[in-house]
Amino acid sequence: MVNKVAPDYEESELGVGDSTLVRAMCETFGRSEATIKQSLANGEAKDLGEVALLSRVAQKMLMMPPKLTIEKVFADMKALATASGKDSQKAKKERIQKMMVASRGAEAKYIVRMLQAKLRIGIQIPTLLQALAYAFVLTVPSQKGSSGVPDRRRGQGKFSAGDLEARMVSMEGAVKQAFCEQPNFDMVIAALMQGRDGSNLHEACHISLGIPVKPMLAKPSKGLGEVGERLSGKRFTGEWKYDGERAQVHVISRDKIFIYSRNSENMTEKYPDAIEAVKESLSEDVESCIIDAEMVAWDQEKKVILPFQALSTRGRKNIKIEDIKVNVCLFAFDCMLCNGVPLVKETLEARREKLWKMMKPIEGKVTFAVYRNFDDELKEEEVQEFLDESIAGSCEGLMLKTLTENATYEPSKRSLNWLKLKKDYIDGLGDSLDVVPIGAFYGKGRRTGAYGAFLLAVWDPENEEYQTVCKAGTGFSDEDLVTHYKFFESHKLEKPEANYNVTDKMKPDVWLEACQVWEIKAADLSISPVHTSAMGVKADGKGIGLRFPRFLRIRDDKQPEACGMLSCSQSASCLSLAASN
DNA sequence: TCTGGCTGCCC
DNA sequence: ATTCTGC
DNA sequence: GCAGAATGGGCAGCCAGA
């Protein structure tokens, strides 16, 4: 139900995406890619899973292959994950085809969705953990020397309603905490099978070296007003929010260091240089620890932070220190374990004190996130000033965290006690710009029957053409999507206008007349291999794209040809772009 | 051997 | 990543 | 407020086909 064959920290990807699935379906069911697109476009099917089911039902079979079993399907998934090398794509496709042909009832739909890792059944990990918790409250597994209890709502050992409720709440919290600290279903379920409950599950499943903890996440905050609501009356700290990659460093021993990503992927191979730096930076009395940090691209000569896009060009596999072109600096901001002792229940103030003692900064390699503490009387100007400083320092904004009250390390989204404050979250701030929708993509799932995303462009008066800047698929309410769909019913084009400068790679399902202006917001600019605006200005043969674009509103007061990049507002990167235009 | 498409994973 | 929606 | 499900830009790595 969680679409995984192994925990996140163990390598296993299927290497199967929509294209592979569509091709497999075409051959299996004798359909063309065009008719599949058609079923999705006309709302006959809400996703590829439904396409598969419709096709399967229409298929005439002479001989039915044996029924699928959970074991067989699981084995097939594992085989897909393992396949590699010459002709592996063909082998994968054939394996998928076999599964689809053997499917009965609604199975084809769910097999395809499993392969997409998008089950869309309203259940994901948190719900599954809740169900596990409830199941183990209601049913007590039998142990050596004691028989189990099949159902604690009746018979001997029956719980009263109130007792049952309390146990379920307690168990749910314990199971979720256990999974966050040790995100491995096999291990959590094994502990539950031993009869552990809300009171002692934690003794079996807790933060440990070599198993990545679900990192603590932050809630986006809409400006200083909300910060005040959440934090005034509490002592809190602000830290610069570096624009890099989350890094959870596990020092198992001084010679055995692993680094995990925000999503618990093992990134050790990617950062041999950072591992050396950590080793060098550790205090003598530290044997083992888990550190939370941000890995940031760093220019060693100029001693400045480089943008995220520079970091992302680093190789990922089998990296040798000599070959590294993009250097990194690790900015540590928290620690969850030290010398075998978990620290997650301590306050941030205490954890940070320990962190500062655990390692010494090495210029340009390892250091601590810049911070400023605020006392309980919130002074908005001070936070504002610190926010401005962070942006001047090439950061995205601030992380705001209580120091003592409610200041334990809470893995995952369980409690979003941390706040993140970015300029572009604040209404009226950040880069909002006006663009013209020139293409649209059919929506999937809940967006079937409308467009799910749009291709957006700006007008370049010099070349007299529309140049793309991004797609947008978020920021729309359901109502917006219906409005847009209806509006463009009478503004569709057979083919793109001659003055649409769009890369071949960008193929909308429907081309639109450049007849409406939208205000959108973005966090940043990036050098784009697919978008055509400001081509060559920042890099040869490359345009400029927008990072994290979202729809704000229709602008009825503006003409499409008034949408140039120059309308883009304050930020430094925008200004440099405007100047070079 | 080169190129482009696909996939997974960062944000 | 951001955003919206149902509960 | 949580959980789920829509959707974004862009990179390296892998594989197939030219």
Side-chain angles (χ1 to χ4, degrees), chain A residues 8 11-23 46-47 81 83-92 116-130 176 217 219-220 241-247 261-265 267 270 294-295 307-319 326 396 412-416 420 422 424-425 441 443-448 450-456 468-481 504-506 520-531 542-552:
Chain A
D8 294 325
E11 300 273 315
S12 87
E13 304 83 38
L14 296 187
V16 174
D18 286 2
S19 299
T20 309
L21 284 170
V22 168
R23 272 181 227 143
K46 287 193 167 71
D47 70 341
S84 72
K86 189 166 155 25
D87 296 332
S88 59
Q89 293 309 104
K90 196 168 158 232
K92 281 188 187 181
Q116 288 180 296
K118 269 180 194 272
L119 223 38
R120 297 183 44 238
I121 51 173
I123 291 171
Q124 290 189 53
I125 286 174
T127 304
L128 189 62
L129 292 171
Q130 185 185 53
K176 287 185 172 174
L217 302 176
K219 179 187 173 305
K241 186 181 187 306
Y242 295 86
D243 190 8
E245 192 173 14
R246 190 78 173 262
S261 75
R262 173 193 149 114
N263 292 314
S264 309
E265 299 283 333
M267 299 198 300
K270 183 174 173 183
E294 189 81 5
M295 192 78 76
F308 176 78
Q309 214 175 358
L311 182 71
S312 67
T313 64
R314 274 182 66 120
R316 292 169 197 176
K317 292 198 159 173
N318 194 16
I319 303 306
V326 178
E396 296 183 287
S412 192
K413 283 184 189 161
R414 289 203 50 215
S415 78
L416 296 173
K420 51 180 168 179
K422 298 211 238 174
D424 60 285
Y425 296 160
F441 301 82
K444 298 202 174 71
R446 56 183 277 117
R447 291 194 180 172
T448 304
Y451 298 124
F454 296 84
L455 178 60
L456 306 179
T468 65
V469 285
C470 66
K471 292 199 284 175
T474 190
F476 308 105
S477 66
D478 289 356
E479 196 190 344
D480 288 336
L481 289 170
D504 291 341
K505 289 168 221 165
M506 200 56 82
I520 62 165
K521 189 170 252 200
D524 207 352
L525 303 177
S526 54
I527 293 167
S528 174
V530 293
H531 292 294
K542 295 201 174 182
I544 288 199
L546 300 178
R547 192 179 185 200
F548 310 144
R550 55 264 200 194
F551 171 82
L552 291 184

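All chains are named by letter (A, B, ...) in the order of the sequence lines, taking the proteins before the strands, and each is independently numbered beginning at 1.
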Picking from B:dC9, D:dG8, D:dA5, which would you name as closest to the side chain of A:Pro549? D:dG8
Between C:dG6 and B:dT3, how far apart are the C1' atoms? Round to whole Å, please. 47 Å
Between A:Arg246 and A:Lys505, who's closer to the 5' end of DNA chain B by nearest nucleotide? A:Lys505
Per A:Arg120 side chain, nearest of listed nucleotides D:dA3, D:dA6, B:dC10: D:dA6
Among the candidates B:dT7, D:dG10, C:dT5, find the nucleotide nearest to the side-chain atoms of A:His531. D:dG10
In whole Å, I'd like the distance from the CD atom of A:Glu245 to the P atom of D:dG10. 17 Å
Nearest to the side chain of A:Ser477, heavy atoms from C-beta on, is which of D:dG8, C:dT5, B:dC11? C:dT5
Minimum heavy-atom distance A:Ala522-A:Leu546, with the two atoms named: CB-CB, 3.9 Å
Minimum heavy-atom distance A:Lys92-A:Leu14, with the two atoms named: NZ-O, 3.0 Å
Taking the side chain as C-beta and beyond, is there a heavy-atom pair between A:Leu217 and A:Arg246 under 4.5 Å? yes
Expressed as a whole number of angstroms, how long is the span from A:Leu311:CG to D:dG9:P? 20 Å
Shortest non-hydrogen separation from A:Glu13 to A:Glu265 and the atoms involved: OE2-OE1, 4.4 Å
Closest to side chain of A:Ser526, choosing from C:dA1, D:dG9, D:dT7: D:dG9
To the nearest angstrom, how far is A:Arg447 atom CZ from C:dC4 atom P? 10 Å
So what does A:Lys46 touch, heavy atoms closer than 4.0 Å: a base, only the sugar-phosphate, or nothing? nothing
Please determine if A:Lys422 and A:Asp524 form a salt bridge, counting it only when a charged side-chain N lies under 4.0 Å from a carboxylate O. no
Sugar-phosphate atoms are those with a prime plus P, OP1 and OP2; base atoms are the rest. Using that split, label each nucleotide of nucleotides 11-18 of chain D B, S or - for protein heavy atoms under 4.0 Å, 5' to 3'. BBSSSS--
Write down the distance between CD (A:Glu396) and C1' (D:dG9), rounded to a whole number of angstrom. 14 Å
Describe the nucleic acid contact of A:Phe441 in one word from base, sugar-phosphate, nothing, applying a heavy-atom distance below 4.0 Å. nothing
Side chain of A:Arg262 only, heavy atoms from C-beta on: which candidate in C:dA1, D:dG9, B:dG8 is closest? C:dA1
Interatomic distance, A:Tyr425 OH vs C:dC4 C1' [rounded to whole Å]: 16 Å
Taking for each residue the nucleotide of DNA chain D with the nearest heavy atom, is it A:Lys219 or A:Val469 whose nucleotide lies nearer the 5' end? A:Lys219
Using a 4.0 Å heavy-atom cut-off, does A:Leu552 contact any base of the nucleic acid, only the sugar-phosphate backbone, or nothing at all? nothing
Heavy-atom check, side chain of A:Glu396 versus side chain of A:Lys420, under 4.5 Å: no
Whole-Å gap separating P (B:dC9) and CG (A:Asp8): 9 Å
Quickly work out the A:Leu14 CG to B:dG8 P distance and round it to whole Å. 7 Å
Verify, without hydrogens or angle tests, whether A:Arg547 (side chain) and A:Ser526 (backbone) share a donor-acceptor contact under 3.5 angstrom. no
Distance check needed: C:dT2 C1' versus A:Asp424 CG, whole Å only. 9 Å
Among D:dG4, B:dC6, C:dT2, the one nearest any side-chain atom of A:Pro126 is D:dG4
Can you find a donor-acceptor N/O pair under 3.5 angstrom joining the side chain of A:Thr474 to the base of D:dT7? no
Heavy-atom nearest pair, A:Thr474 first then A:Pro549, reads CG2-O, 3.6 Å
Kindly point out which of D:dA5, B:dC9, B:dG5 is positioned nearest to the side chain of A:Arg446? D:dA5
What is the nucleic acid contact for A:Lys118, judged by heavy atoms within less than 4.0 Å: base, sugar-phosphate only, or nothing? base
What is the nucleic acid contact for A:Lys422, judged by heavy atoms within less than 4.0 Å: base, sugar-phosphate only, or nothing? sugar-phosphate
Just checking A:Lys270: base, sugar-phosphate only, or nothing, at a heavy-atom cut-off of under 4.0 Å? nothing
Looking only at side-chain N and O atoms, does A:Ser19 come under 4.0 Å of OP1 or OP2 in B:dG5? no
B:dG5 versus C:dC4 - spacing of their C1' atoms, nearest Å: 32 Å
Could you work out the separation of B:dC6 and C:dT3 based on their C1' atoms and round it to a whole Å? 27 Å
I'd like to know if the side chain of A:Lys270 reaches the main chain of A:Arg314, judged simply by a donor and an acceptor atom lying under 3.5 Å from each other, with no hydrogens or angles considered. no
